[in-house]
Engineer: 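Please see the structure below; I have some questions.
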Amino acid sequence: DDAAYAAASGCGLAGDDAIRHFLEDGEKAGISPCRDFDVPFYRQTYADVPASGMNSLLHYLLHGRAENRYPNTNALEQDIAVITGSGLFDLPLYARQARRHFLTPLEAIRHYLFLGESIDLHPHKEFDRAFYRRHYDDVEGNAFAHYLRTGVWQSRVASAAKLKRLMDSAAAKKLFDAERYAEAAGLDPEEEEEAREHYFLHGERLRLSPCERFDAEFYLENNPDLGRLGTLHQYHPFWHYAEHGEKEGRTAWFDAGST
């Protein structure tokens, strides 16, 4: 960012000259190259960066971004806020995995963001980072923060155990129309289990219909009580209908004949 760097450094340079100035002098003086990358924060937060002798921005571009390191305080604080605000970070579970005592939930959350995710510690019994990243290749940054900010509202599945429960429920209630869904999703109609798995991993968030008489958008719009964060299962509308909604008499699709 030529303008931001020129203002911060006072060098009055732009383009390649500004980049050269940053590489040779600016970074050593703690001057950040743009608003989204904070040199002092990055070097102070990740001690291995100055120890490596590598320019901090180059380190971030070549290594840090892929390792989900934070480029600035704001990005870190946003993830802390979304995890804290969700109320879903399981401190006792996390402390047992980390084998240490945390004085506050914030201390544990910071530990998770800086270290825990990278060594596959789970922040919640229903969340498995490796599973989530394997099935959703658009996830950037901390996976749990992404799930809370985006995934949970899109009915994404965050663990193999949860996927199994969703699939078992659909099979037991016999509401899922595998042949109909497979045709809509371009799958083999003979592979019923594959169709159920595809629906919960991808079809539900795309609001594909699992059977003739269920419309996820309609169900969510007409049952606003499902939009309360607490039990993550309730963000899977078809599961909720199969387990609760049908016997509660909830309407799951628009029936033109009833109007």
Side-chain angles (χ1 to χ4, degrees), residues 82-93 122-128 131-132 135-136 139 143-187 189-259:
V82 75
I83 293 174
T84 302
S86 74
L88 292 172
F89 187 85
D90 190 331
L91 179 57
L93 171 68
H122 297 173
H124 187 280
K125 65 180 181 180
E126 296 283 358
F127 186 82
D128 181 331
F131 177 93
Y132 190 68
H135 289 287
Y136 305 110
V139 175
F144 189 49
H146 180 280
Y147 178 64
L148 295 173
R149 189 179 286 118
T150 303
V152 69
W153 310 106
Q154 295 180 343
S155 304
R156 299 193 188 203
V157 183
S159 72
K162 184 173 182 180
L163 176 61
K164 184 178 185 304
R165 286 196 298 276
L166 293 170
M167 291 176 61
D168 288 349
S169 172
K173 300 299 180 180
K174 300 187 184 303
L175 294 174
F176 185 79
D177 187 335
E179 185 174 350
R180 185 177 189 275
Y181 178 78
E183 182 178 354
L187 304 173
E190 299 296 323
E191 298 294 336
E192 183 174 346
E193 185 170 347
E194 178 187 357
R196 288 201 307 273
E197 179 180 282
H198 185 277
Y199 173 72
F200 285 113
L201 285 174
H202 307 291
E204 189 168 40
R205 71 186 175 99
L206 298 174
R207 300 306 183 229
L208 299 182
S209 178
C211 61
E212 184 178 3
R213 296 190 171 187
F214 184 83
D215 182 325
E217 290 285 3
F218 178 90
Y219 192 68
L220 290 170
E221 288 174 5
N222 288 275
N223 295 280
D225 57 310
L226 302 188
R228 300 193 186 105
L229 196 58
T231 168
L232 299 185
H233 265 118
Q234 290 193 0
Y235 289 91
H236 294 279
F238 184 56
W239 173 91
H240 185 275
Y241 177 69
E243 290 291 329
H244 305 289
E246 185 179 34
K247 60 188 176 186
E248 291 171 359
R250 300 192 189 221
T251 303
W253 77 100
F254 176 71
D255 185 356
S258 67
T259 59

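Quick note: numbers below take in every heavy atom, side chains included, and nothing from hydrogens, waters or symmetry partners. Every value quoted in this text rests on a predicted model; they were computed, and no experiment measured them.
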Engineer: Would you please name every residue forming a side chain to side chain contact (heavy atoms under 4.5 Å, CB included) with Ala185, sequence neighbours left out?
Structural biologist: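 Ala185: side chain to side chain contact (heavy atoms under 4.5 Å, CB included) contacts with Tyr181, Leu187, His198, Leu208.
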Engineer: Pair up each side-chain donor or acceptor in residues 210-221 with any protein partner under 3.5 Å, not counting sequence neighbours, and list the distances.
Structural biologist:
from	atom 1	to	atom 2	distance (Å)
Asp215	OD1	Glu217	N	3.0
Asp215	OD1	Phe218	N	3.1
Tyr219	OH	His240	ND1	2.9

Engineer: What are the two closest heavy atoms between Val157 and Phe200, and how far apart are they?
Structural biologist: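 In terms of heavy atoms, the two residues are closest at CG2-O, 3.2 Å.
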Engineer: Shortest non-hydrogen contact from Leu93 to Asp90?
Structural biologist: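 Distance-wise, the nearest heavy atoms are N-OD1, 3.1 Å.
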Engineer: By salt bridge (charged side-chain N to carboxylate O under 4.0 Å, His left out), which residues pair with Glu179, not counting sequence neighbours?
Structural biologist: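 Listed in chain order: nothing, the list is empty.
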Engineer: Roughly how far apart are Leu88 CG and Phe127 CZ, rounded to 0.5 Å?
Structural biologist: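 Spacing of CG (Leu88) from CZ (Phe127) equals 11.5 Å.
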Engineer: Picking from His236, Arg156, Gln154, what satisfies side chain to side chain donor-acceptor pair (under 3.5 Å) with Glu204?
Structural biologist: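 Of all the options given, the one that passes is His236.
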Engineer: Could you tell me which non-hydrogen atom of Arg207 sits nearest to which non-hydrogen atom of Trp153, and how far apart they are?
Structural biologist: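 Of all heavy-atom pairs spanning Arg207 and Trp153, the closest is NH2-O, 3.9 Å.
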Engineer: Quick one: list whatever passes side chain to side chain contact (heavy atoms under 4.5 Å, CB included) with His122, sequence neighbours left out.
Structural biologist: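 Listed in chain order: Gln97, Asp128.
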Engineer: Between Ser159 and His124, is any pair of side-chain heavy atoms under 4.5 Å apart?
Structural biologist: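 Counting from C-beta outward, Ser159 and His124 never come under 4.5 Å.
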Engineer: Side-chain contact test, heavy atoms from C-beta onward, threshold under 4.5 Å: evaluate it for Tyr241 versus Asn223 and give yes or no.
Structural biologist: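 Counting from C-beta outward, Tyr241 and Asn223 never come under 4.5 Å.
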Engineer: Do Phe131 and Leu163 come close enough that some side-chain heavy atom pair is under 4.5 Å?
Structural biologist: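 Of all side-chain heavy-atom pairs linking Leu163 with Phe131, at least one is under 4.5 Å.
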Engineer: Side chains of Arg205 and Tyr136: does their closest heavy-atom pair fall under 4.5 Å?
Structural biologist: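 Heavy-atom side-chain distance check passes, below 4.5 Å.
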Engineer: In chain order, what residues pass the side chain to side chain contact (heavy atoms under 4.5 Å, CB included) check against Val82, with sequence neighbours excluded?
Structural biologist: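 So Val82 forms a side chain to side chain contact (heavy atoms under 4.5 Å, CB included) with Ala145, Leu148, Arg149.
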Engineer: Closest approach of Phe238 and Ala170, non-hydrogen atoms and distance?
Structural biologist: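 It is CE2-CB, 4.2 Å.
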Engineer: For Ser169, which residues count as a side chain to side chain contact (heavy atoms under 4.5 Å, CB included) partner, sequence neighbours excluded?
Structural biologist: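 Here the qualifying residues are Lys173, Trp239, Ala242, Glu243.
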Engineer: Taking atom CD of Glu248 as the centre, report whether more than 12 heavy atoms of other residues, nucleotides or ligands fall under 6.0 Å from it.
Structural biologist: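 More than 12 within 6.0 Å, yes.
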